[in-house]
Number of protein chains: 2
Amino acid sequence: MLELTQILKEHKLKVTPQRLCIFKILCETTEHPTAEAIYNSLKNEFPTMSLATVYKTLDTLVQHGLIQQLNVGEDSFRYDATVLSHPHVKCVKCGQVMDIHNMQTIKGLREEVKALTHFDLMHEQLYFFGTCPTCQKN
Amino acid sequence: MLELTQILKEHKLKVTPQRLCIFKILCETTEHPTAEAIYNSLKNEFPTMSLATVYKTLDTLVQHGLIQQLNVGEDSFRYDATVLSHPHVKCVKCGQVMDIHNMQTIKGLREEVKALTHFDLMHEQLYFFGTCPTCQKN
DNA sequence: TTAGATGCAAACTTTTTGCAACAAA
DNA sequence: TTTGTTGCAAAAAGTTTGCATCTAA
């Protein structure tokens, strides 16, 4: 928590309990929650917290590069505290979204895209869809 | 147009002027339009066309695997008549979304994801972001 | 003290739904 | 004739905005 306070200060953001708590939730979960999900897991601790504040805070954190916004083909956005670009895989049965880290083949992929399109690439969003090991058994 | 009629019939879909026209627009463009954009380009020719019909038609076509829905991190969905899975690249300056075909490195990517996650993979959505050659010059 | 954040309600955007009239097969 | 489609309006869902109050610095 002290560390998160520090990070917010470094970005010249006022350190409020609401911000800290939203940021903390994102850092501690691997579930890539939506704004609504974050709001629901917070409103016990912060009964006066409003969904608008969640959205404003998430927007602020995205603007400062502290979290990233995901778009997994759903009707709402998800958020991820891991800013380093990494692919995600979503289970079409249970709906969970998982990170995939340490991919070796991405570098080659980027190079091929660059060669084919002549774009000056900045970042990418890679989403895979299928059935997770648990759902495969059922 | 005859060909599109044929395709709709093969899927046991009633062939209406609205459906044909929406399907045709998607087949002829490379711009990955949104529902709204399709509606706008149609309402001169079909003054009674409603946006709800566009959405219903797009949904029907997606369900039958005749088009695919894209989610390029925007607030609305785009649609693509090329069903074969292929990556897309979006210019962060001018906003255009382009197809990338004939990627050689995707197969290796899929295999690595499969090995790392043990998911039974079905499809993927790969989006790259950067500056297009035209915008680089400006 | 002051710049900026919160929280409520209202607005806005995109997409979906209900249903009566209509058109393709 | 029957089954499914269209088109309107209303609703739903997600997100943003305006503004008065409040709070961190």
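Chain letters run A, B, ... following the sequence lines, proteins first, then strands; residues in each count from 1.
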For atom [atom1] of [X] and atom [atom2] of [N], their distance in whole Å:
X       : N      : atom1 : atom2 : result
B/Leu8  : C/dA23 : CG    : P     : 19 Å
B/Glu36 : C/dC12 : CD    : P     : 15 Å
B/His11 : D/dG4  : NE2   : C1'   : 17 Å
A/Asp59 : D/dT17 : CG    : P     : 9 Å
B/Glu74 : C/dT14 : CD    : P     : 11 Å
B/Leu51 : C/dT13 : CG    : P     : 13 Å
A/Ile38 : D/dG14 : CD1   : P     : 14 Å
A/Gln63 : C/dA5  : CD    : P     : 12 Å

- With DNA chain C as reference, determine whether B/Ser76 or B/Lys9 sits nearer its 5' end, using the nearest nucleotide of each.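 Its nucleotide being nearer the 5' end, the pick is B/Ser76.
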- Taking atom types as modelled, is there a side-chain donor on A/Asp80 or A/His88 under 3.5 Å from an acceptor on the other?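 The criterion, which ignores hydrogens and geometry beyond distance, is satisfied for A/His88 and A/Asp80.
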- If you measure only the distance, is there a donor-acceptor pair under 3.5 Å linking the side chains of A/Thr82 and A/Gln68?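 Absent: no donor and acceptor within the cut-off.
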- DNA chain D: 5'-proximal contact among B/Arg19 and B/Pro47 (nearest heavy atom):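 Mapping each residue to its closest nucleotide by heavy atoms, the 5'-most match is B/Arg19.
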Output the single nucleotide from [options] whose closest atom is nearest the side chain of [X].
X       : options               : value
B/Val15 : C/dA25, C/dT15, C/dG4 : C/dA25
B/Lys14 : C/dA5, C/dA25, C/dT15 : C/dA25
B/Ser50 : D/dG7, C/dG4, C/dG7   : D/dG7
B/Asp75 : C/dT14, D/dG7, C/dA5  : C/dT14

- Task: Ignoring hydrogens and angles, answer whether the base of C/dG18 and the side-chain atoms of B/Lys56 contain a donor-acceptor pair closer than 3.5 Å.
- Result: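 Side chain to base: pair found, below 3.5 Å.
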- Query: Heavy atoms, side chains only, cut-off 4.5 Å: are A/Phe129 and A/Val89 in contact?
  - Reply: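 The answer is no; the side chains never approach within 4.5 Å.
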- Message: Check whether A/Arg78 reaches the backbone of A/His32 with its side chain - one donor and one acceptor, N or O, closer than 3.5 Å.
- Response: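 Looks like yes, one N/O pair under 3.5 Å.
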- Task: Could you pull out the closest heavy-atom pair between B/Thr53 and B/Ile22, with the gap in Å?
- Result: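 Heavy-atom minimum between the residues: O-CD1, 4.4 Å.
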- Message: Please classify the nucleic acid contact of A/Thr16 as base, sugar-phosphate, or nothing, using heavy-atom distances under 4.0 Å.
- Response: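 If one applies the 4.0 Å heavy-atom cut-off, A/Thr16 turns out to touch the sugar-phosphate alone, with no base involved.
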- Mind checking A/Thr53 for me? I need base, sugar-phosphate or nothing, with any heavy atom below 4.0 Å counting as a touch.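 Base contact - A/Thr53 has a heavy atom under 4.0 Å of at least one base atom.
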- Phosphate contact (D/dT16 OP1 or OP2) by A/Tyr55 side-chain N/O below 4.0 Å: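 So the side-chain polar atoms of A/Tyr55 never come under 4.0 Å of the phosphate oxygens OP1 or OP2 of D/dT16.
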- So, is B/Gln18 near the phosphate of D/dG7, with a side-chain N or O under 4.0 Å from OP1 or OP2?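 Answer yes for this pair, as a side-chain N or O of B/Gln18 is under 4.0 Å from OP1 or OP2.
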